[in-house]
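For this chain, numbers begin at 1 and follow the sequence in order. Only a predicted model underlies this, so the values are computations on that prediction, with no experimental measurement involved.
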Amino acid sequence: MYIPKSFEASNQEEIFEFLSAHSLGTFILSQPELQACHLPFIVNQHNGSFVLETHLAKANKQSQFTENENALVVFTGPNGYVSSSVYENVNAPTYNYQAVHISGIATKLTNDELLNHLTELVAKNETGRVKQFHINQMPAAMLSDYLNEIVGVRIVSTKIEVAFKLSQNRNQKDFNAIIDDLDANPANEALISAMKKTR
């Protein structure tokens, strides 16, 4: 991924926080042909690496990957158009965004690991709900059938590329003007929040 110096991010905790909040990733394999699908991930850290776990249907061609295959997972966050009309001096319009690319080695989870993954994934997403669902509420036969229809995947990172392009290269006056302009659209709330963390 092309990352200008101004937009690089390397703080592991900041990246982990981002991945935890934006955990729908695009899972990409290149064999036997380039393929991608969108999957929910659980992200953990171990010995300086990110460990990603997800699952996909056996009916999905990507579930047939070979053990220790190279994989790429792309995570994206809020994004938005930045108009050059707000700059103090004429310049080109652009786009602000957050993206993390994690390359790594993909392996398949055992049945027990897959069940643990699903339990953790459901628990994470049920947190804060008034009426919560627990995976053990599923009838045993239903859960068994479901487990037989999916494949669990673990990816241990070997390379991490992070671009948080949030107008860090703009002077304070232009930065404030960009924030004010984006604030006119409520859909930009998350992007504005991310930008403010850079100052």
Open item on the list: One pair to check against side-chain hydrogen bond (donor to acceptor under 3.5 Å, both in side chains): Ser20 and Glu17. What are the steps and the verdict?
Closed with: CA-CA 5 Å; Ser20 298; Glu17 182 181 326; over 6 Å; no

Task: Pair Asn96-Ser167, side-chain hydrogen bond (donor to acceptor under 3.5 Å, both in side chains): steps then yes or no - done: CA-CA 7 Å; Asn96 277 358; Ser167 298; 2.9 Å; yes

Open item on the list: Using a 3.5 Å distance criterion without hydrogens, assess whether the side chain of His22 forms a donor-acceptor pair with backbone atoms of Phe18.
Closed with: yes

TODO: Show your working on salt bridge (Lys or Arg N to Asp or Glu O under 4.0 Å) between Glu149 and Lys58 and close with a plain yes or no.
DONE: CA-CA 6 Å; Glu149 293 174 1; Lys58 284 183 179 176; over 6 Å; no

TODO: Verify the distance criterion only: is there a donor paired with an acceptor across the side chains of Gln172 and Asn176 at less than 3.5 Å?
DONE: yes

- [ ] Establish, yes or no, whether a centroid distance under 6.0 Å links the rings of Tyr97 and Phe164.
- [x] no

Task: Same apolar cluster (I L V M F W Y, side chains within < 4.5 Å links), Val90/Val86 - done: no

Open item on the list: When you compare the side chain of Val153 with that of Ile155, does any pair of heavy atoms fall below 4.5 Å?
Closed with: yes

Open item on the list: Contact between Ile178 and Met195 at the side-chain level, heavy atoms closer than 4.5 Å - yes or no?
Closed with: yes

- [ ] For the residue pair Thr158 and Ile102, establish whether any side-chain heavy-atom pair is separated by less than 4.5 Å.
- [x] no

- [ ] Would you mind reporting whether Asn89 and Asp174 have side-chain heavy atoms less than 4.5 Å apart?
- [x] no

Open item on the list: Under 4.5 Å between side-chain heavy atoms, counting indirect links through other Ile/Leu/Val/Met/Phe/Trp/Tyr residues: same cluster for Val74 and Ile42 or not?
Closed with: no

Task: 4.5 Å side-chain heavy-atom contact, Leu147 and Leu118 - done: yes

Task: Lys108/Ser63 under side-chain hydrogen bond (donor to acceptor under 3.5 Å, both in side chains): CA gap, chis, key distance, verdict - done: CA-CA 9 Å; Lys108 295 182 181 179; Ser63 71; over 6 Å; no

TODO: For the residue pair Thr94 and Lys165, confirm or rule out a side-chain donor-acceptor distance under 3.5 Å.
DONE: yes

TODO: Determine yes or no for a side-chain-to-main-chain donor-acceptor pair under 3.5 angstrom, with Glu161 supplying the side chain and Met1 the backbone.
DONE: yes

Task: Ring geometry between Phe65 and Phe27 (parallel below 30°, tilted from 30 to 60°, perpendicular above 60°) - done: perpendicular

